[in-house]
There are 2 protein chains.
Amino acid sequence: MPRKSRTPYAILGALSHGPKSGYDISCYFEKDHMFFWNESYGQIYPTLKKLLKEGLVEVEVDTRTQGPERKVYTLTPEGQEVLQSWLTETDCKSSFRDELMLKLHFGMPEVQKNLLDRLQNMEKELSDGLDALLVESEQMEELDLSKEELAYRKMTMNWSKMFYEAKLRWCQESLKDFGIKKSSKKKKKKKKKNKS
Amino acid sequence: MPRKSRTPYAILGALSHGPKSGYDISCYFEKDHMFFWNESYGQIYPTLKKLLKEGLVEVEVDTRTQGPERKVYTLTPEGQEVLQSWLTETDCKSSFRDELMLKLHFGMPEVQKNLLDRLQNMEKELSDGLDALLVESEQMEELDLSKEELAYRKMTMNWSKMFYEAKLRWCQESLKDFGIKKSSKKKKKKKKKNKS
DNA sequence: TGACGCATGTAACCTGTTACATGATTTA
DNA sequence: TAAATCATGTAACAGGTTACATGCGTCA
């Protein structure tokens, strides 16, 4: 038997935090504090269609005066139920694949040639990510959530922060160990995620 | 165009750290310090076959007096070359999926019922993982590697340690935040990976 | 006018998991 | 003697990525 997709649950969960379009859902999982999950368009749109057919979500076309068409999806009571039964299941699986780290692990002269750049890019991304995280954290506080909801979100938000901080620290230590000065190159501002 | 598999490179890389059987390779990626990568049997064996056909690895049947049959694979010069060209490519992709963290993020009463257990199990796994990491770290020192090789492996080993420590800290803080006493339950010794 | 962000979607196609099948050896 | 570990492998099947296609609105 092949594996069971978690994508429908992830989408249901995202919708439990408010109605969203496919695009919104994609953005939701792109946020820095969601580094522990990813979804791609190719999964989101077909899954949304499937969930609609199963009656777990409802759709409404946003007829705003401006901007392109938006199909906004909402969780139905049935969807809520399915989400809850998934949340209750205790067996969880996880998978991690960090190609850059793998290459570093196999470190050979080929890697060293670009080590400086790789680590510096990573450092930049991480520190940008931390900045974004602070913004996301503040936005969350303004969301008018119940005490309990806020506690859960703060818990995972906190994990994201600790992860970014730890990786940034590791990055800086590694740069130091390889005798590389941080200030040796001009840094260009470029927003690019290491995700996907 | 579909994505390109990293599995052949991961296997080539593993073999660059010494000859291995399919089983050995599986164990290699199960190690705690390799938390940032995973491979399953269903990929390893067929890929090994493919690499053999392409001449990137060689096989030799281990005719030991005891134990089941072992097919030990070795990297060929061609395999080494392919590995190196992959290491040189600078664009790396990564994906993370941590189902438990996702559930926690969507935190609802359903999650809270098991929150104590989930966090305590996680804490146990992480602290076991840290212990294993120390052992793996010592084993590495005894491996008689060149200065350079050692530096790379220490670098990623260090990341694994920092990751485990950060997650453990997060786990303990979360337990505290939810007003849960660590000593409230007997802990059973049970080695089970959260991977895969 | 061109780039960029918003927005929806599909097709192709490989990737990767999981369950199954099998058996030897060691350890309690 | 039963369970755990070592060991190799395959089949089935869904899962998931990426490139492609398309178009509006805004801002420089």
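Numbered from 1 within each chain, the chains take letters A, B, ... in sequence-line order. In this text the structure is predicted, and so the values were computed from the model without any measurement.
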Original post:
What is the distance from atom CZ of A:Phe36 to atom CZ of A:Phe29, rounded to the nearest 0.5 Å?
Top reply: 9.0 Å

Original post:
Do side-chain atoms of A:Thr88 reach the backbone of A:Gln84 as a donor and acceptor pair under 3.5 angstrom?
Top reply: yes

Subject >> Nearest-angstrom distance from the residue atom CG of A:Asn38 to P of C:dT15 >> reply: 18 Å

Subject >> Residues which pass side chain to side chain contact (heavy atoms under 4.5 Å, CB included) with A:Ser40, listed by chain and number, not counting sequence neighbours >> reply: A:Gln43

**OP:** Share the residues that join A:Tyr23 in a hydrophobic cluster, the rule being Ile, Leu, Val, Met, Phe, Trp or Tyr side chains under 4.5 Å apart at the heavy-atom level.
**Re:** A:Tyr41, A:Tyr45

**OP:** Report the distance from atom CH2 of B:Trp37 to atom C1' of C:dT15, rounded to the nearest whole Å.
**Re:** 12 Å

Original post:
In whole Å, what is the span from the CD atom of A:Glu69 to the P atom of D:dG25?
Top reply: 12 Å

Original post:
Do any side-chain nitrogens or oxygens of A:Thr7 fall under 4.0 Å of OP1 or OP2 in D:dG16?
Top reply: yes

Would you be so kind as to tabulate the donor-acceptor pairs closer than 3.5 Å made by side chains of residues 150-158 of chain A, with sequence neighbours excluded?
residue, atom, partner, partner atom, Å
A:Tyr152, OH, B:Gln112, N, 3.3
A:Arg153, NE, A:His17, NE2, 3.4
A:Thr156, OG1, A:Arg153, O, 3.3
A:Thr156, OG1, B:His105, ND1, 3.0
A:Asn158, ND2, B:Glu173, OE1, 3.4

**OP:** Enumerate the residue pairs fulfilling side chain to side chain donor-acceptor pair (under 3.5 Å) with a member in residues 71-83 of chain A, sequence neighbours excluded, ordered by first and then second residue.
**Re:** A:Thr76-A:Glu78

Original post:
Counting any heavy atom closer than 4.0 Å, what does A:Arg6 reach on the DNA or RNA strands: base, sugar-phosphate only, or nothing?
Top reply: nothing

Original post:
Which whole-number value in Å describes the distance from B:Tyr28 OH to D:dC6 P?
Top reply: 18 Å

**OP:** Mind jotting down which residue pairs meet the salt bridge (charged side-chain N to carboxylate O under 4.0 Å, His left out) criterion with at least one end in residues 10-25 of chain A? Sequence neighbours excluded, please.
**Re:** A:Asp24-A:Arg70

Subject >> Non-neighbouring partners of A:Arg6 that pass side-chain hydrogen bond (donor to acceptor under 3.5 Å, both in side chains), sequence neighbours left out >> reply: B:Glu99

Original post:
Roughly how many Å is it from CD in B:Glu99 to P in D:dG15, rounded to a whole number?
Top reply: 13 Å

Subject >> OP1 or OP2 of C:dA24 under 4.0 Å from side-chain N/O of B:Arg70 >> reply: no

Original post:
Under 4.0 Å between a side-chain N or O of A:Ser40 and OP1 or OP2 of D:dT17?
Top reply: yes

Subject >> Whichever hydrophobic residues join A:Leu134 through chains of side-chain contacts under 4.5 Å >> reply: none

**OP:** Give B:Ser5 one of three labels, base, sugar-phosphate or nothing, depending on what nucleic acid heavy atoms sit under 4.0 Å from its own.
**Re:** sugar-phosphate

**OP:** Can you sort out which residues in residues 14-25 of chain A have a heavy atom within less than 4.0 Å of DNA chain D? Ascending by number, please.
**Re:** none

Original post:
Which ones in residues 41-50 of chain B lie close to DNA chain D, meaning a heavy atom under 4.0 Å from one of its atoms?
Top reply: B:Tyr41, B:Tyr45, B:Lys49

Original post:
Do the ring planes of A:Phe163 and B:Phe163 sit parallel (below 30°), tilted (30 to 60°) or perpendicular (above 60°)?
Top reply: perpendicular

Subject >> 5' precedence on DNA chain C between A:Arg97 and A:Cys27 (nearest-nucleotide basis) >> reply: A:Cys27

**OP:** Five pairs at each end of the helix from C:dT1-D:dA28 to C:dA28-D:dT1: take the axis at both ends and give me the angle between them to 10°.
**Re:** 50°

Original post:
Atom CD of A:Glu30 to atom C1' of D:dT17: distance rounded to whole Å?
Top reply: 13 Å

Identify every side-chain donor-acceptor pair in residues 48-60 of chain B under 3.5 Å, counting partners at least two apart or on other chains, and give the distances.
none

Subject >> Between C1' of C:dC14 and OH of B:Tyr9, the distance in whole Å >> reply: 14 Å

Original post:
What is the distance from NZ of A:Lys4 to P of C:dG16, rounded to the nearest Å?
Top reply: 21 Å

**OP:** Could I get the full list of side-chain hydrogen bond (donor to acceptor under 3.5 Å, both in side chains) partners for B:Thr47, not counting sequence neighbours?
**Re:** none

